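First up is the structure itself, then whatever we jot down about it.
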Amino acid sequence: MSAQLRAAGALGPVARRVTLRAIRPYHSQLPTGGLQRTEHASRALRRSMRFPANSYHNAVIVRNASFIRFLPKLALKFARIPALFGTMMIGGVAWIQYQAIQVSNSAQEVFGNVKNTVTTTASGLWGSAVDIAEQTKRGWDNTKEEFDLPEWLGNLFKSEGGPEGGNNNGSGPGGPEPPKKARMGAAAVGASAAAYGYDDAAEEDDRTPEEISKDDQMMYMTKMMIEIRNLLQKVGQSSTVSLPSIVVIGSQSSGKSSVLEAIVGHEFLPKGNNMITRRPIELTLVNDPKVSADYGEFPDLGLHRITDFSLIQKNLTELNQSVPERECVSDDPIRLTIHSPRVPDLSLIDLPGYIQVAGENQPRELKRKISELCDKYIRGPNIILAISAADVDLANSTALQASRRVDPRGERTIGVITKMDLVDPEKGAAILSDKQYPLRLGYVGVISRAPQQTGLFKRDTGALVRQISKNEKSYFSTHPEFGPDSGVNIGTVTLRKKLMHVLEQQMSSKLQDTTAAIQRELEETSYQFKVQYNEEPMTAEAYLAASLDDFKHAFKRFASSFGRPQMQQLLKEALDQRVLDQLAAKYWNKPIEDLSPAPFEPENIADLPKADPNSQFWHMQLDTATSALTRLGVGRLAATVVANAIQANVDKLVNKSTFAKHPSARQVINEAAATVLADRSYTTSDGIEFSLKPYKYEVDIQPQEWSQGRDHVAGVLKMELDHCQRAMGNLENSVGGKRKLKEVMNFVDKARKGEIVVEGETRNGAGGFSAALLQKGREAVFLRDRADIINMRIMAVKSRQCKSLENKYYCPEVFLDAVATKLTQTSVLFLNVEMLNDFYARFPREVEFKLGEQMLGGGLERFASEDPRIRRHLDLIRRKELLELVLSKIEGLRRFNRADDDVDSAHNYHGHGHRAYNGNLGKKSSSSSGSSSSRGRFGF
């Protein structure tokens, strides 16, 4: 039961009871003041009605009020009125105060904004004025250095130096400064401090300003000579035209990798228990003060600006592991260049470490291969960096033994003693004292092992050098055997200095001989260039442009020779084959499938010339063949035939052009042709079908078209007859001669006539002939019958019966040929406009665009190098240009050397008496030694 029904049932009797008790409302019956009685009556009424708790009712219930309970509430309400008014007054006052505060804050904010604006503007103007003044001062300083000032103006500026600068007697610290030596372009003053490692090391730079200036000049010269060496490597000549590098050799576990990483400042070399270094690593360090983050490059692999040295380590590991295990080592170098403001300009070669005994999984000749590879690199003029561990006797040092074989006097060998903290200080100092196994370039003791890293984060740039330097200082400073007066060279910083100075001096000493060799090479190259190529200039761009021009001219000639007549001939030949297909399907004999008797044919092609003119069979055969010919999809056939012909002609043009020697360019040209043709293929075929739509219902042939078709179809039938005769000849040769084939054909003819009953062919054949031979016999009978029919139809076409258009049902070949001609002529009109003209206009531009895309990213050089003749020409020109560039850089070094000598003379003239600097050992000496002081830094 619903709630409405339940409520209706509950209210029924109540309503009746209320009607019996009272007609008018209860409060209208009660006299005034009878509140208690009213309350009593109301309670009695509720008891009598007995409403459920959740029942719905609309009875009026009036709550009685008592004066005794009402008076306190009334008093309380009257008491709330003053409180209400007081609250309203307090709120109003608070609101007024709030508005006042807001106004005050707004005024303060406006004042503060105005103040800040004024202050900012004044500060900006003042800062701009200061910047302009500083820039002006720097510009004046630079201008003052670049230009010579008059003597009176120079004295004026010198007098502004204060008490120290006022002494103009030419001696002492107050004397005039010598001319600037550091006019070397890219070399920044003080760059050697970062290259030596003073910025990251725990040592302090105790060099004098003169030594710093010399070191900066030395860095600049070394950088230029390394650039010259890299250029000479590109020339690809023998060692007679080369500059030295530093070759690092040592036995396995001697600390060779740790020394290199300490020089570079990063852990980047492959590590492992087995032999990891299997290929030489040609490491070029480039000091670049402008670099914000160190990075490495693999120029041969095209990998540039790798800032994550763990990736460099991974690449080196993979490149070394690419060497097959049966070879173990390879002389194919890995070229790596590292750019950093914290590395010196050095050229290092890391080689596989020497071993004493080959491992179980290593070839026995491994020791010999490593020794031969190292001997190849440690030959002169390279500098040998022989790494030996301090805890191994130098008499057993494999690195020193190898260096003695090629450098018995020790003139270009630097000994590096690692793990100095593993031996007693006295023994370590004795090793470095250079007495037992002397080397002219001396020994350097290092502790290049990096401390074990703890934590989850990588070391910051420079942290490796800093920690190694800190460890070295903490060890060497606690032992007096390595003190300043000990006369030994210790520390990674000292090793960096020595490497830079030795490399610079060795390069300088070899530069004169290298210059003479380069001049001879340049003369020979220039002579070959004149004799072989008559000094004809050639670039990859010019070669590509000439090749493209030749191809365009050839394509233009093709475009002038390929037009509507050629397309009509191609399409007519394709439709001729479709006409023959319709004749074979509707009129000619069918292939022989088995040896069963031939079925009876009431209408035979042989009876056609004498058939009834109103024969429905022959009328239907011609109408069906005509409809099939017009509805076979001539539009798609025409577009496909012409597109294939154009594509084939483009391929012929490429084969006759210089692009035939370039497979990638040839593919690009063919793809360009296919792209242009495909863009117009669908539109062209659709347009042709639309233009041929009337012919699908009725074809109107004119007498002239009939005559032309009669002449043409005779030739088509004769060509088909020739194909049948050639196929018959091939069958005769395949079965062993005409006689054998004739025997099989006679058996097939008898079986088809019913003279011989063949129960069924088996795999073994029938009638004494194999199944394969019977198959060839059936083909021969078919070809013979087909040739007979074609001969008969050729005679019929040439007869007087086929001379008139009215006899088209007697001459279906002529009518179908005339229909094919009309289809061809209509299609060619559309092909010429929609496909051919569009292709001639778009194809050259498409070829240029696609070839341009392919030549990006080094593709142009690869394209030119694919032609051997052009590659030799370009290589000779590039070699000549590189040799000329090397000579120009050497000439720049000569000019710098002369300017340096002039500055030294002027400096000595002013009587400063600075101590000369022996760059070889990185120490101060009383005078510079060697012939370089008399012949210049480069021995010129």
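Residue numbers run from 1 in the order of the sequence given. Keep in mind the model is a prediction, meaning the values are calculated, not measured. These values consider heavy atoms only, across backbone and side chains, with no hydrogens, waters or symmetry-generated copies.
Distance CD1/I518 to OG1/T525: 11.0 Å, rounded to 0.5 Å. Going from atom NZ of K822 over to atom CG of L575 covers 14.0 Å, rounded to the nearest 0.5 Å. Put simply, CD1 on I370 and CG on D375 are 12.0 Å apart, with the number rounded to the nearest 0.5 Å. Interatomic distance, CD1 of I338 versus CG of L348, reported as 9.5 Å (0.5 Å rounding). To the nearest 0.5 Å, atom CG of residue D331 and atom NZ of residue K376 are 4.0 Å apart. The CZ atom of R636 sits 12.0 Å away from atom CD1 of I688, with the distance rounded to the nearest 0.5 Å.
The minimum heavy-atom distance linking T337 with H339 is given by the pair CG2-NE2, 3.5 Å. Contact between R335 and P299 at its shortest, heavy atoms only, is O-CD, 3.4 Å. Of all heavy-atom pairs spanning N287 and V343, the tightest one is ND2-O, 2.8 Å. Of all non-hydrogen atoms in A665 and F863, the two that sit nearest each other are CB-CE1, 3.8 Å. Considering all non-hydrogen atoms of both residues, L783 and A727 come closest at CD1-CB, 3.6 Å. Between E834 and T684, the shortest heavy-atom contact is CB-OG1, 3.6 Å.
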Working for side-chain contact (heavy atoms from CB on, under 4.5 Å), residues F298 and I334: CA-CA 8 Å; F298 292 90; I334 303 172; 4.1 Å; yes
Step-by-step side-chain contact (heavy atoms from CB on, under 4.5 Å) determination, I790 to W588: CA-CA 8 Å; I790 294 175; W588 295 347; 4.2 Å; yes
Check against side-chain contact (heavy atoms from CB on, under 4.5 Å), S561 and Q566: CA-CA 8 Å; S561 63; Q566 289 73 24; 5.8 Å; no
Criterion side-chain contact (heavy atoms from CB on, under 4.5 Å) on E524 and Q528, from CA distance to verdict: CA-CA 6 Å; E524 178 65 22; Q528 294 296 333; 3.0 Å; yes
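A donor-acceptor pair is defined here as one N or O able to donate and one able to accept, closer than 3.5 Å; no such pair exists between the side chain of N320 and the backbone of T277. Checked by atom type and distance alone, the side chain of R564 never pairs as donor or acceptor with a backbone atom of L829 at under 3.5 Å. Between the side chain of Q313 and the main chain of L269, a donor-acceptor pair closer than 3.5 Å is present. A donor-acceptor contact shorter than 3.5 Å links the side chain of N649 to the backbone of A645. A donor-acceptor distance shorter than 3.5 angstrom exists from the side chain of S657 to the backbone of V654, with no hydrogens or angles considered. A donor-acceptor contact shorter than 3.5 Å is absent between the side chain of N534 and the backbone of E536.
Ion pairing between E884 and K880 holds under the 4.0 Å rule for side-chain N and carboxylate O. Salt bridge status for D875 with R872: absent, with no side-chain N to carboxylate O gap under 4.0 Å. At a threshold of 4.0 Å, the pair R878-E861 counts as salt-bridged, since one of the basic side-chain nitrogens sits closer than that to a carboxylate oxygen. Salt-bridge annotation for K850 and E671: absent, with no side-chain N of the basic residue lying under 4.0 Å from a carboxylate O of the acidic one.
Between D817 and K572, some side-chain heavy-atom pair lies under the 4.5 Å cut-off. Under the 4.5 Å side-chain criterion, counting only non-hydrogen atoms from C-beta, D679 is not in contact with D838. Between V634 and Y695, every side-chain heavy-atom pair lies at or beyond the 4.5 Å cut-off. Contact check for I646 versus Y840: no side-chain heavy atoms found under the 4.5 Å cut-off. In this structure, L874 and Y543 have side chains that are not in contact, with every pair of non-hydrogen atoms separated by 4.5 Å or more. Inter-residue side-chain proximity for L544 and E541 is flagged as unmet; no heavy-atom pair is nearer than 4.5 Å. Contact of the F268 side chain with the D294 side chain is not registered, since no non-hydrogen atoms from C-beta on lie closer than 4.5 Å. Here the side chains of L717 and L721 are not in contact, with every heavy-atom distance at 4.5 Å or above.
Every residue two or more places apart in sequence or in another chain that forms a side chain to side chain donor-acceptor pair (under 3.5 Å) with K696 is listed here: E689.
The number of heavy-atom neighbours closer than 6.0 Å to CD of E318, taken from other residues, nucleotides and ligands shown, is above 12.
In this pair, Y533 and F529 present their aromatic rings tilted. The plane angle is within the 30 to 60° band. By the 30° and 60° cut-offs, the orientation of the rings of F558 relative to F555 is tilted.
S664 and Q854 are linked by a side-chain donor-acceptor pair at a separation below 3.5 angstrom, with hydrogens and angles left out of the test. When only modelled atom types and interatomic distance are considered, E523 and Q519 share no side-chain donor-acceptor pair under 3.5 Å. Q577 and E573 are not linked by any side-chain donor-acceptor pair at a separation below 3.5 angstrom, with hydrogens and angles left out of the test.
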